[in-house]
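Here is the structure we will look at, set down as structure tokens.
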Protein chains: 2
Amino acid sequence: MARRLTPRGKERRSQLMAFAAERFAENGYHTTSVAEIVEGLGVGKGVFYWYFSSKEELFLEILKDAQQDLRRTQRQAIDGIEDPVERITSGIRASLQWSADHRHYHSLVQFAATEERFAPALRKGQEVAARDAMRHVSDAIAAGAVRDADPALITHGILGITTHLARVFIHDLGKPADEVADAAVAFVLDGVLAADRQPTAA
Amino acid sequence: MARRLTPRGKERRSQLMAFAAERFAENGYHTTSVAEIVEGLGVGKGVFYWYFSSKEELFLEILKDAQQDLRRTQRQAIDGIEDPVERITSGIRASLQWSADHRHYHSLVQFAATEERFAPALRKGQEVAARDAMRHVSDAIAAGAVRDADPALITHGILGITTHLARVFIHDLGKPADEVADAAVAFVLDGVLAADRQPTAA
DNA sequence: GTGACACTAGACCGCGCGGTCAAGACTGGT
DNA sequence: ACCAGTCTTGACCGCGCGGTCTAGTGTCAC
């Protein structure tokens, strides 16, 4: 698409994306019709196709936006932190907080993975994120702070814990993000740190 | 539905479920039409609606089947094992092996979670699985083998690692299930075991 | 005030979908 | 041999979808 947009136009576009994201997350992509989206905003169908060339494009745009936003949040969170392990834990905390603040994003991702035409775009963003995280893991291993195992496996173990706990405890059960973050960090560190650990007594 | 089925009928029904599961996983639920399914099997449309009252019912049936099969596999894997920690690790290994043997199931689950009308059925099965696993975690905590934290958090941490590693390394990268299982178990145990652990040296 | 263009409305279109149905073929029990 | 009931065929239906298009209206630069 890419049109010249006045401030008013930008506002409309954002409205459409925000509302559609909510509906997609709630009801699913296919079950949410373009008609439903424009009706929900009380506008005509022409508005939709002025800003997006198709429903598919809208979805991809929402996905891209969310991935960029998460990445920006993570970068800000670890900015200025030197210790690689702290960078990792801060990243985890930031991700979980972001998850709590953008609840519908999870469903969108899950859906995108199930359809051939959305999977590539999704995967691309996730690979970028995984590479970011893996760099810190590798740094931590090099510094002797994390046990010397395949960084890819460690990284994805961390990502797995983080996303799953986000879904179950933040998304579904509504627990506060910081509590879940504490638990996630504890789990990850005790599985990852090479330093000694006190046994919890028998 | 529930019809009286002759052996021939049961065979057809299985064919339909197997083929549909493959197409759903490959292309998505909505993008796979009933017409496509029956054409793929070279039969008429009436066949489909003889065995299933709707496309939706078919999907739920596939989901239920898979969940039952996984659960059966897990039960068999831990049968006769006493030590709760070993039960957990055996469960992890069995799950990952099952994942490798039933690659398309993952996509189905991911999709089911994104649509209001499938989510309940999915969640129900997952809660059963989580409760199963949690019992062993609680046993392990009681035995002093696992550190004394919220069993739900520990359990879901384990499930998160397991499913995520399955998706990335088995599903996407095609690594052998037993290798991934070793890594998953190592990650989980070092994050969970209360017993002493040797530092990996600095 | 006027022209240029960003923006909006909503009737309309064709397609392909999920689902139906009437007619008949196959199969096994008796 | 026959019948009851399982199984199969494929033309058909109506609906609702994504997407189009025309006739506008709002807005701002000059």
Side-chain angles (χ1 to χ4, degrees), chain A residues 1-24 26-63 108 111-112 114-118, chain B residues 1-24 26-63 108 111-112 114-118:
Chain A
M1 223 48 190
R3 279 189 201 279
R4 301 196 59 219
L5 296 182
T6 65
R8 173 191 170 196
K10 285 188 184 178
E11 174 62 20
R12 260 278 182 272
R13 207 184 114 100
S14 299
Q15 272 181 29
L16 283 164
M17 285 177 65
F19 186 78
E22 225 171 273
R23 304 305 302 151
F24 287 160
E26 196 80 28
N27 276 2
Y29 172 80
H30 290 281
T31 23
T32 302
S33 65
V34 174
E36 188 184 335
I37 294 170
V38 295
E39 271 161 34
L41 259 62
V43 300
K45 230 178 187 183
V47 170
F48 185 96
Y49 288 97
W50 176 260
Y51 295 101
F52 305 98
S53 60
S54 69
K55 190 181 161 186
E56 181 170 339
E57 197 208 65
L58 163 67
F59 184 85
L60 289 171
E61 216 64 15
I62 291 171
L63 195 66
L108 266 51
F111 166 75
T114 68
E115 215 141 312
E116 205 55 46
R117 65 186 145 153
F118 295 132
Chain B
M1 221 51 192
R3 281 190 199 279
R4 302 195 60 220
L5 296 182
T6 65
R8 175 190 169 196
K10 286 188 184 177
E11 174 63 19
R12 260 280 183 273
R13 209 183 111 99
S14 300
Q15 272 181 27
L16 283 163
M17 284 177 65
F19 186 78
E22 224 171 273
R23 304 303 303 153
F24 288 161
E26 196 79 30
N27 275 4
Y29 173 80
H30 290 282
T31 22
T32 301
S33 65
V34 174
E36 188 185 335
I37 294 169
V38 295
E39 273 161 32
L41 259 62
V43 300
K45 226 178 189 183
V47 171
F48 185 97
Y49 288 97
W50 177 259
Y51 295 101
F52 305 98
S53 59
S54 68
K55 189 181 161 187
E56 180 171 341
E57 198 207 65
L58 163 68
F59 184 85
L60 289 171
E61 217 63 17
I62 291 172
L63 195 64
L108 266 50
F111 166 75
T114 68
E115 215 140 317
E116 204 55 46
R117 64 185 146 154
F118 294 132

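Naming convention: chains lettered A, B, ... in sequence-line order (proteins, then strands); numbering from 1 in each chain. Fair warning: this is a prediction, and the values are worked out from it, not measured in the lab.
In this entry the distance linking CD of A:Gln15 with C1' of C:dC7 reads 13 Å, nearest Å. With rounding to whole Å, B:Glu39 atom CD is found 16 Å from D:dT8 atom C1'. For the pair A:Leu41 CG and C:dT8 C1', the interatomic distance rounds to 13 Å; values are reported in whole Å. Rounded to a whole Å, the CG atom of A:Leu5 is 16 Å from the P atom of D:dT27. The nearest whole Å value for the distance from the CD atom in A:Glu36 to the C1' atom in D:dG19 is 17 Å. Straight-line distance from the CE atom of A:Met1 to the P atom of D:dG19: 11 Å, rounded to whole Å.
For the OP1/OP2 pair of C:dC7 and a distance below 4.0 Å, the side-chain nitrogens and oxygens of A:Trp50 include at least one atom meeting the criterion. Proximity of B:Tyr51 to the phosphate of D:dT6: no side-chain N or O atom is located under 4.0 Å from OP1 or OP2. The side chain of B:Thr6 places no N or O atom within less than 4.0 Å of a non-bridging phosphate oxygen (OP1 or OP2) of D:dG5. For A:Arg4 and C:dC5, the shortest distance from a side-chain N or O to OP1 or OP2 is not below 4.0 Å.
Across B:Phe111 and A:Thr114, no two heavy atoms sit closer than the pair N-CG2, 3.3 Å. The minimum heavy-atom distance linking B:Met1 with B:Tyr49 is given by the pair CE-O, 3.4 Å.
Without hydrogens or angle criteria, A:Arg3 side chain to A:Trp50 main chain gives a donor-acceptor distance under 3.5 Å.
Geometrically, A:Lys55 does not engage A:Phe24 in a cation-pi contact defined by less than 6.0 Å to the ring centre and at most 45° from the axis.
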Identify all pairs in which a protein N or O lies below 3.5 Å from an N or O of nucleotides 10-18 of chain C, and state each distance.
residue, atom, partner, partner atom, Å
C:dG10, N7, A:Lys45, N, 3.0
C:dG10, O6, A:Gly46, N, 2.9
C:dG18, OP1, B:Lys55, NZ, 2.5
C:dG18, OP2, B:Val34, N, 2.8
C:dG18, N7, B:Lys45, NZ, 3.1

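Put simply, the side chain of B:Met17 reaches to within 4.5 Å of the side chain of B:Phe52, judged on heavy atoms. Looking at heavy atoms from C-beta onward, A:Val43 lies out of side-chain contact with A:Gln15 at the 4.5 angstrom threshold. Residues A:Glu115 and A:His30 have side chains in contact (heavy-atom distance under 4.5 Å, counting atoms from C-beta outward). With a 4.5 Å cut-off on side-chain heavy atoms, A:Phe59 and A:Leu108 count as touching.
Heavy atoms from other residues, nucleotides or ligands lying under 6.0 Å from CD of A:Glu26 number 12 at most.
If you check every strand for non-hydrogen atoms under 4.0 Å, B:Arg12 touches sugar and phosphate atoms only. Counting any heavy atom pair closer than 4.0 Å across all strands shown, A:Phe48 reaches no nucleic acid atom.
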Using a 4.0 Å heavy-atom cut-off to protein, can you give one letter per nucleotide of nucleotides 23-30 of chain C, 5' to 3': B if the base is in contact, S if only the sugar-phosphate is, - if neither? ----S---

